[in-house]
Structure formats: C-alpha cells, structure tokens
Amino acid sequence: MTPRSPVRGAGSALVRRLTLWIRHVSIELQRHVTHGRFESAIGVTVGAVWLGITPLFLLCALVDYFDGGPDAAALLLSGAVIAFAGVVALWLSEFPSALPLKRLFAALVCGVLAALVAATAAHFLTGVAPTIDSSLAEGAATITGTNSSTVNPEQLSLGMLLFRAFGQWLASAGLIVVLVRIAPHLGVGGLDADGGVSTRSARRLAPKSGSTMVRLLLLYVSLTVVLLVAYSLAGMPFVDSVVHCLTTVSSGGFSSRSGSIGAFNSGAIEWVAIVGMLIAGTSLPLIFRAFRRGDLHRFARSVEFRTYICLVVTAVFAALAWSGNWPKADDVRETVFAVASAVSTTGFVVRDLNSISYGAEAVLLVLMVIGGMSASVAGGFTVMRLMVVSRYIGRELRRSIHPATVEKIHLGKSSIGEVALARIIGELFLSAAVILPLALVLSSDGLNFEAAFSFAISALSNVGFAFGLNGPEEHLRTLGTLGHLAAASLMLVGRISVTPLLVTLGGLGEPMQRDIRRWRLARHEKAVR
Amino acid sequence: MRVAGAGLLAAAIAMMLSAVVSVVDGGGGATGLTVSALLTGLVGLALFFGSQVSPTADSALAFASVAWSWLAVSLAGSLPFVLTGVISWGQFDNALFESISGFTCSGSTILSNFESVPQGVLFYRSLTQWLGGMGLVVLAVAVLPALGIGGLDLIASEAPGPTADRLTLRVRDTARQLWLLYGVMTGIVALVLLTIGMSIFDAVTHAFTTVSTGGFSPHAESIAYFDSFPIELVLMVGMLFSGASFSIHWHALRQGIGAYRRVSEVRWYLTLICCAFGMLVWVNLGELGWLQNLRESLFYAVSLGTSTGFGNSDFVLWMPAAHLVLLVLMLVGGMSGSTAGGMKVLRLQVVFKYAFRELMRARHPNSVIPIRLGRTTIEEQIAAKVVGFVMLYLGLIVVGGVILSGLGVDLVTAFSGSASALGNVGPALGEAGPTSNFLVFPRIGRVILMSLMAFGRLELFPAMLMLVASIRGLSQIRRRRDRAQSG
C-alpha cells in the first residue's frame with residue numbers, strides 16, 4: 001500500500017479540527033439561544049451602538065428621499081442591516097454581573113469599532129467612497145471628528161452630507177458619555193478617579209454620573225442650537241448652517257463646501273466659526289458651571305482655561321509677527337481662525353495654507369499636538385496634560401540640584417497624584433511610539449516628508465488639514481490603500497487613546513502569552529531536573 | 001575657573017600643534033594660529049594658577065563650572081578662524097559656530113570653500129572635535145553619572161566601571177584611564193586608514209573626528225571624496241566603537257569580549273542600528289542599485305546612529321520614508337558613556353519600559369511592576385529623571401524648530417536642524433543635508449543652533465542649571481559684600 005503523504009495528512013487534520021471547532025461553536029450558540037444569553041459587555045456595547053445609530057440612517061435616508069437624492073435606498077439598506085445586527089447582538093448578549101477592567105477596555109474599543117463599521121458601510125454602500133479602504137478612512141474621519149476626506153462635499157447628496165455631519169456630532173456626544181461614565185474607571189492618560197484631573201471637574205457637577213452626563217449633553221445640544229442660529233444670522237444658508245453647527249460644536253470639521261468655511265467669503269461667518277471652535281475646545285463642565293450661575297469669573301479662575309487662551313493669543317501674535325507683512329484686518333481674522341481651528345482640532349480652513357509663513361505652519365503644528373482643554377470634545381494631547389508635563393520637567397530640574405526634595409505637582413489648587421502623572425507620561429510616549437511607524441507608512445505611500453509627518457500629527461489629533469502638499473486637505477486623496485489604513489488607525493488612536501487599543505490588542509494575544517509562559521516554565525523545570 | 005583654565009590651556013596646545021602643521025604644509029595660517037595659541041594660553045594660565053577648587057563645591061556649582069568651561073573654550077576656540085582670515089571679524093558669530101560645533105563634536109559647518117582654507121586650520125578644526133571628545137569622555141563616563149544627570153547614574157547599574165564617586169578624588173585617575181583608551185583608539189584608526197591608502201593628513205584628521213564622533217572632514221564632500229569602501233568600513237568600525245560606552249570598553253579590556261554581551265544597552269544599540277539599516281535598505285529598494293543601497297544605507301545607519309555625521313552620499317535625495325528613519329537615528333544617538341550625542345540608547349530603553357509598564361498597569365491597576373534594565377531594577381527616582389530629561393529634550397527640539405521656522409526656514413530643515421544640533425549630529429534634512437552647510441540658516445538661527453549644540457553636549461540639565469547656579473553665585477557675592485560693608 002502506498003503511504004499517505006504528510007501534506008495530505010496535515011491538510012485533513014486541519015479540516016477535522018476546523019469542523020470540530022465549527023461544531024463546538026454552533027452547539028454553544030444553540031445552547032445560549034435556547035437556554036440563555038452570553039454574558040458579554042462587548043456584545044451589549046456593539047448592539048447598543050448599532051441600534052443607537054440606526055435612527056441616523058433612517059433620518060438621512062428620509063431627507064435624501066424627499067430631496068430626490070440617489071442615496072436614500074442605500075442608506076435605508078445599510079441602516080436596516082446595521083439595525084438587524086444590533087438587535088441580534090443585543091438579543092444574544094446580556095451585561096455581565098462583574099466587569100473586569102480589561103473587558104471594559106475591550107468593550108470601549110469594540111464600541112468604537114462598531115461605529116466605524118456602520119459609518120464605513122454607509123460610505124461604501126452609497127458609493128461615496130468606491131473602495132473599502134477609502135470607505136474605512138471616511139468612516140474613521142466621521143466617527144473621530146477629523147476633517148479629512150477623499151470626496152468633494154459639494155458632490156455629496158444631502159442625505160450623506162447630513163449623515164457625515166450628524167456622525168461627527170454623535171461621536172462627540174458619545175465622547176461626553178465616555179468621559180463621564182467610563183473614563184474615570186479606565187484611568188487612561190491621567191483620566192482616572194484617584195488623582196486624575198481631566199474628569200474631576202466633570203465628576204463634581206452632580207452627585208450621580210448619570211445626571212452629570214445628562215447636564216453635559218443638554219449643554220452640548222444647547223450650544224449646537226445657539227451656533228445654528230448664529231450661523232443663520234451671519235448669512236449662511238439653512239442646510240449649510242445645520243451641517244456647520246454640528247461639525248463646529250463637535251470639533252469635527254466636515255463642511256458642505258469644498259473650500260470649507262472660506263467658501264462663504266464672509267467675515268461674520270468666520271467670526272461665528274472662531275467662537276464656536278474655541279468653545280468646542282473648552283472644558284464642558286467649566287462652561288456649564290460658569291453659565292449655570294452666571295459666574296463668568298470661573299473662566300478666569302481656571303488655570304487650564306487661562307493657559308488655553310494664552311496659547312491662542314501667543315500663537316496668533318507669533319503667526320502674525322512671522323508673516324513678514326504688516327497685518328491687515330483680514331489677515332488677523334484669518335490667523336485667529338487658523339489658530340482656533342488647530343487648537344480646537346476642528347480642521348476648518350479659510351484660505352490656502354501654502355500661503356502662510358513657515359513660522360505659522362510650525363505654530364499650527366504645535367497647537368494641533370496640544371489640542372483643546374481636557375473634558376472638552378477636542379482632540380490632541382490636551383492643555384492640562386501639557387501643563388502637567390511642563391511642571392514635571394521643572395520638578396526634575398529642581399531635583400537635580402536638591403535630590404532629596406519631595407515635591408508634589410499642583411495645577412491650581414489641586415495636586416496631581418504620581419499614578420496619574422505616570423499615566424499621562426506613558427500615554428505621551430505610547431502615542432509617539434505609534435505615530436512614528438504610521439508616519440513611515442504614510443511617507444512610503446506617496447507623501448513627502450513634511451506632508452507625511454504633519455498629516456500623521458493632524459490625524460492623531462483629529463484635526464484634518466496638514467502641510468506639504470498643494471492643498472490642506474489633499475493628503476488623504478493622495479494616499480493609497482496602505483496610507484488610508486494608516487490614516488484611519490491614526491484617527492482612531494487619537495480619538496480613543498492608544499492605551500485602550502493596545503490593552504485590547506494585548507487581550508487578544510493573551511492565550512498565546514499564556515502558552516508561551518507555560519512553555520517557558522516547562523523548559524525551566526526540564527532544565528532544573 | 002580652574003577647570004576653564006585647564007580647558008583653555010589644552011586648546012592653546014591644540015592651536016600650537018596646528019600652527020606646526022601649518023608651517024610644515026606651508027599653506028599659511030601659522031601666524032594666526034600662533035597668536036591665538038599665545039592669547040588663549042595666557043588667559044588659561046592666569047585662570048588655572050589664579051584660582052583654586054572650592055572644597056565645598058556642591059552639585060549646582062559643579063554643573064556651572066562644567067558648562068562655563070565649555071563655553072570659555074569654545075569662545076577662545078573661535079580665535080584661530082578669525083585670526084587666520086578664514087572667517088572675517090565681521091562674521092565672528094560664524095567662527096564661534098564652527099568652534100562650538102567642533103568642541104561639542106557636532107560636525108555642522110558654515111565653511112563652503114574648503115580648498116581655500118589652510119591645512120593648519122583644517123587640522124585645528126578636527127583637533128577641536130578630538131579635544132571635545134576627550135573632555136566629553138570624562139564628562140560622560142565619570143562626571144555626569146556621579147552627579148546623576150538625567151538618570152545617567154544608570155550607566156553604573158549594568159557595568160560598574162570607572163565612574164568617579166567623588167569628583168575631586170577619583171576623577172583624575174578615571175580621566176587618565178579613559179584618555180589612554182581614547183588615544184590608543186585614535187592611533188589605531190589613524191594607522192589603519194593610513195595603511196589602506198589615505199594620506200597622513202587625512203588619516204589623522206579623520207581619526208580625530210571618528211573617535212570623537214564629531215564628523216568634521218577636511219573635504220567638502222566628506223567621506224564621499226575618497227569613494228572607497230575599505231575606508232568607509234574602517235570608519236564604520238571606529239564610529240561603532242566610539243558610539244558605545246567607554247565604560248564598557250574599559251570592562252571588556254579587563255574581562256574579555258563577554259563584557260559586551262552582558263550589557264543590555266549594547267544589544268539595544270546594535271539592534272537599533274541593524275533595524276535602521278534594514279529599513280533604509282527596504283525604503284531605498286528600487287531607488288538605488290543593490291550594492292550602492294547596501295553600502296550607503298549601512299554607512300548612514302552607523303554614521304547617524306552614532307551621531308558622527310560623516311556622509312558618503314546625499315541622503316536628501318533619498319525617499320521621504322528614509323528621512324524619517326534617519327531622523328529617529330538622530331534623536332536617539334549612541335550609547336550613554338560614549339562621545340556620541342543624542343538622547344542616548346539607555347534613555348530610550350528606560351522610556352520604552354516605562355511606557356510598557358504603564359500599559360501593563362492600565363490592564364492590571366493594582367500590580368507593582370518594576371522597570372528593569374537587563375537584570376537590574378531601576379529606582380523610581382532615576383526613571384523619573386530619565387523621563388524628565390527625555391521630555392525636556394523633545395521639548396527643546398520643538399521650541400528650536402518653531403523658532404527656526406519663524407525665522408523663515410522650511411519645516412523639515414528647521415525641525416531636523418534643531419534635532420541635529422541638540423543631538424550633536426552634524427547634517428540635517430532638507431536644505432541642510434550632508435553636502436550643504438549651515439549657512440542656509442539665518443544669522444539668528446545659527447545662534448539658536450549654537451545654543452542647542454551646547455545644551456545637547458552638556459546633557460541639558462547642567463546647561464540649564466548653569467544659569468541658576470550663576471545667579472545664585474552672584475547673589476552670594478552680593479550678600480558677602482553687603483555683610484563686609486555692614487561689618
């Protein structure tokens with residue numbers, strides 16, 4: 001008899017294993033469907049996100065249908081699929097009685113990924129983005145509030161235009177929920193309960209985090225309405241006002257015009273956008289407190305707000321001083337606009353950024369990295385963390401002379417715990433570790449050095465515009481598949497922080513880590529014997 | 001004052017030697033070099049014999065003395081450039097730039113027409129880097145670790161070498177041992193270069209700037225002038241040696257080659273250079289021929305990975321992704337305890353492990369995870385120093401880059417110039433590449449770059465504290481005078 005070839009043997013073993021695994025999974029699934037649900041926070045989160053996002057699909061499909069646009073059917077179909085998937089996920093899973101921290105991280109990341117899947121599906125099925133990778137990049141830009149796109153907004157249907165704007169707005173609303181309900185438990189980048197400063201002000205708003213969340217969401221909605229009225233009064237058409245109020249207050253930056261806010265060519269509209277962007281970069285709890293009792297001195301008393309405004313003023317002066325010409329009124333307005341857009345990580349533009357000086361480019365790049373205040377909807381490293389880091393450097397400098405000194409770092413009247421400090425610094429280094437390889441991918445996929453680096457920073461801070469190419473928003477269009485994936489990753493990392501992503505990825509590799517540990521132990525025992 | 005005096009005397013000797021080279025060559029410049037030597041020597045003698053070391057010197061004063069001495073030597077070191085007429089008096093700042101670039105072992109230059117520069121001045125230029133390296137090797141291995149600057153006390157954790165426990169007692173013995181090693185290595189590199197076909201002048205000057213990881217070359221094209229792979233190979237070995245810790249070399253001499261294997265920083269250092277080489281080869285694939293790609297990528301991975309800055313081609317013409325790899329190399333630099341600049345591999349290790357620990361802590365908030373280097377556990381306070389240093393380092397690059405951009409330099413040149421100056425590398429990206437010079441920066445921009453070079457060489461903290469200690473010293477003098485008047 002001819003012996004069986006080893007390759008064939010291995011192949012059939014693989015098929016046998018696969019069959020066993022499928023049978024095992026189907027039995028488990030059957031058991032859960034008939035006897036009970038999975039205890040899964042991930043399932044509940046994903047289901048809730050998908051189900052929660054469905055009304056947006058329906059609304060945009062309706063608007064598009066009445067407007068006579070081409071995307072109504074596709075939006076309805078994608079909405080139906082997403083809703084069905086959400087219902088199934090919720091039906092199959094229930095919230096676990098105990099939720100370990102690593103599961104909470106995983107739930108957060110999966111929730112964001114679920115939103116990404118929904119936004120990608122909408123872009124792909126409507127044909128707005130022709131390929132999966134560009135749809136993914138568009139979806140990532142929508143859910144992370146980044147003004148980076150491969151499409152011309154003037155060619156979009158009304159339904160898709162609203163979907164993208166509402167997507168950015170809802171994503172920022174979701175961020176507020178995360179900030180109040182989840183971030184204090186995760187303690188990412190200093191947002192922890194013991195010594196973290198970012199959520200401290202938010203936690204003191206109300207005795208229950210639920211009521212805090214409602215108050216902040218109400219403030220968010222009110223600000224949106226105020227901006228809608230302001231844009232309309234400034235002379236913006238109604239549909240444009242709706243789109244821009246949604247993307248200004250959420251620091252998203254998507255526009256209905258290819259020239260962004262600059263397309264309206266109106267000083268009044270630009271000033272409204274400037275104020276809106278600066279508000280988007282301000283801490284929401286601070287605004288709430290200041291306006292609840294009419295105590296505007298709260299702004300002056302907040303050390304973070306003072307620094308935020310100082311940064312804006314200094315940047316405006318530096319950019320104007322380095323422009324080389326005596327500034328006119330229009331120049332001042334445009335510079336303030338660019339600075340507000342960068343620091344609030346909104347990403348609106350009013351003029352071609354190639355015409356600004358190198359100094360102004362550098363200033364805008366630094367502002368993008370810093371971003372807005374903590375507990376705001378803006379991206380970036382945040383002003384609070386910058387202040388903590390600069391105080392940390394000062395302390396280490398003093399410790400060089402007096403090594404025995406014990407010194408706590410203070411922000412205003414509150415001191416920062418060492419654990420929160422370590423988390424802030426850890427987050428900074430991890431972000432740097434992420435940005436370098438992804439910038440390498442961007443530069444190997446068609447961007448020049450300046451464009452790759454500035455776009456990597458811009459995407460990580462969820463801004464959108466960058467330098468080094470013919471236009472400020474050309475970068476995503478210039479990139480290929482690999483570049484789109486890198487850009488989408490940067491946007492996601494920027495929005496949900498690098499720690500949750502890496503912790504979740506680490507969780508995926510946990511069984512393998514356990515196996516490696518066992519193998520090492522076995523090897524060690526063998527060596528001892 | 002005494003330390004500054006000693007430094008000035010050493011600089012005077014260097015000028016005298018260069019004057020001798022000038023006389024032998026007959027290309028001029030001997031008078032200018034001799035006058036500079038006399039002036040510098042006189043001031044040095046006055047300072048050396050007119051002052052004494054304070055027995056109660058604290059760390060802040062020690063920082064200040066190191067920083068001021070470096071500045072005094074750099075200032076005196078600019079004299080030969082103006083007195084020989086290579087740079088006019090009206091451009092004294094350019095002479096100071098060249099001198100600071102020499103004594104800080106940076107290798108950035110403002111000279112463009114090398115053919116018109118006398119051989120004596122070119123020799124002196126290389127000698128400034130060698131002298132800078134000589135001071136640095138003691139500073140990096142003995143003085144700064146003893147003062148615990150930026151966590152450099154970690155050097156002793158894996159390879160307890162010739163670090164000085166007390167500055168006044170052991171530093172002299174330590175310096176002698178290190179200088180012997182440094183001198184012998186310079187001799188070996190010069191001899192090998194001579195044997196494979198370099199002229200004696202080129203061999204000696206290149207040996208000076210290789211062992212000090214300075215990167216000055218008497219030719220405008222740098223190493224590309226020779227177009228010889230054997231020469232590049234010898235220089236690469238020399239650069240790799242000098243970019244590694246002298247403390248570990250000292251150990252290896254006594255305990256054998258195994259000493260290198262035991263130190264985790266050596267593994268990281270070599271891995272980093274190998275990875276950079278691999279990435280450069282991958283990025284340049286299709287752009288350059290196979291052999292040319294391998295040769296140029298390897299040379300630049302070593303040259304920038306050790307912060308030397310020699311060039312064998314124009315990397316500005318490479319793909320943008322390659323520039324990113326080179327920028328990372330510029331940022332990291334060589335090993336601690338070496339003559340190389342940059343942030344140092346040791347600090348990269350600590351920062352990497354610090355970030356990884358925070359990641360682990362996010363997953364397991366109650367865990368206690370120590371930071372380890374090899375088998376050594378690092379104290380929290382030292383890790384904090386390292387982290388503080390790295391953040392200050394990156395912050396200074398950003399500040400420097402923003403100011404340079406404000407002065408009208410494009411973003412790539414400005415930020416890479418800032419990183420290159422602070423890391424004491426030499427060439428930058430953009431318009432300040434290896435075949436260009438630093439005249440592309442405006443005059444004030446070069447002053448900023450000079451400050452960054454000095455800050456980088458003095459490991460930031462001493463330079464920062466120099467100002468603090470000086471202000472404190474002035475207030476002490478004022479208080480004493482007030483007391484004397486009231487008494």
Side-chain angles (χ1 to χ4, degrees), chain A residues 101-102 105 186-188 192 318 321-322 324 357-363 365-366 369 389-390 392-397 399-401 403 418-419 422-423 425-430 432-433 436 439-445 447-454 467-468 498-500 502-503 506-507, chain B residues 58-60 63 147-150 279 282-283 319-325 327-328 351-352 354-365 380-381 384-385 387-392 394-395 398 401-412 414-416 429-430 461-462 464-465 468-469:
Chain A
L101 201 60
K102 53 187 176 185
F105 272 118
L186 297 180
V188 174
D192 58 326
W322 286 333
S357 66
Y358 290 129
E361 276 186 15
V363 166
L365 214 53
V366 171
V369 174
V389 163
S390 52
Y392 183 89
I393 293 170
R395 181 179 78 174
E396 290 313 314
L397 210 60
R399 269 198 196 170
S400 300
I401 312 178
E418 289 299 317
V419 175
R423 283 173 175 170
I425 293 161
E427 184 72 21
L428 176 68
F429 288 138
L430 286 172
L436 284 174
L440 190 76
V441 174
L442 293 178
S443 59
S444 60
D445 201 33
L447 293 188
N448 63 46
F449 185 74
E450 185 186 347
F453 216 81
S454 61
F467 311 107
V498 63
T499 311
L502 290 179
V503 167
Chain B
D58 65 348
S59 56
F63 289 140
L147 295 173
I149 295 297
M279 288 180 93
W282 171 63
V283 170
M319 294 295 284
H323 294 168
L324 194 68
V325 177
L327 190 69
V328 172
V351 161
F352 183 82
Y354 188 95
F356 189 72
R357 181 185 65 175
E358 288 316 311
L359 196 64
M360 288 289 111
R361 271 209 221 164
R363 197 171 169 76
H364 309 288
E380 279 303 312
Q381 206 170 348
K385 273 188 209 173
V387 167
F389 177 92
V390 172
M391 287 194 298
L392 182 62
L394 297 176
V398 172
V402 170
I403 297 174
L404 289 172
S405 310
L407 294 169
V409 183
D410 69 275
L411 286 189
V412 177
F415 280 90
S416 64
L429 303 174
F461 281 27
M464 289 259 180
L465 294 171
V468 178

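A note on names: the letters A, B, ... follow the listed sequences, proteins ahead of strands, and every chain is numbered from 1.
- Pairing each heavy atom of B/Leu359 with each of A/Val503, the nearest pair is O-CG2, 3.9 Å.
- The two residues A/Leu440 and B/Ala321 make their nearest non-hydrogen contact at CD1-O, 3.3 Å.
- Ranked by heavy-atom pairs under 4.5 Å with chain B, the first of A/Leu442, A/Leu430, A/Asn448 is A/Leu430.
- Contacts with chain B were tallied for A/Ser390, A/Gly468, A/Ala360, A/Ala422; A/Ala422 has the most, counting heavy-atom pairs under 4.5 Å.
- By the side chain to side chain donor-acceptor pair (under 3.5 Å) test, B/Arg361 pairs with no residue at all, sequence neighbours left out.
- Ranked by heavy-atom pairs under 4.5 Å with chain A, the list B/Ala384, B/Gly395, B/Ala414 is led by B/Ala384.
- Counting all heavy atoms, side chain and backbone alike, B/Leu324 lies closest to A/Leu436 at CD2-O, 3.5 Å.
- Both the backbone and the side chain of B/Met391 come within less than 4.5 Å of a heavy atom in chain A.
- Chain A forms more heavy-atom pairs under 4.5 Å with one residue of B/Asp410, B/Val283, B/Val412 than with any other, namely B/Asp410.
- By the side chain to side chain donor-acceptor pair (under 3.5 Å) test, A/Glu418 pairs with A/Arg395, sequence neighbours left out.
- Between chain A and the options B/Leu404, B/Leu327, B/Val351, the largest number of non-hydrogen pairs under 4.5 Å is found for B/Val351.
- Of all heavy-atom pairs spanning B/Val390 and A/Phe429, the tightest one is CG1-CE2, 3.9 Å.
- The heavy-atom pair separating A/Gly426 from B/Ala355 by the smallest distance is O-CB, 4.2 Å.
- Looking at A/Ala452, there are no atoms closer than 4.5 Å to chain B (heavy atoms on both sides), in backbone or side chain.
- If you measure heavy-atom distances from B/Leu429 to chain A, the contacts under 4.5 Å come from the side chain alone.
- Among all heavy-atom pairs drawn from A/Ile425 and B/Val387, the shortest one is CG2-CG1, 3.3 Å.
- Using a 4.5 Å cut-off between heavy atoms, A/Ser357 does not touch chain B at all.
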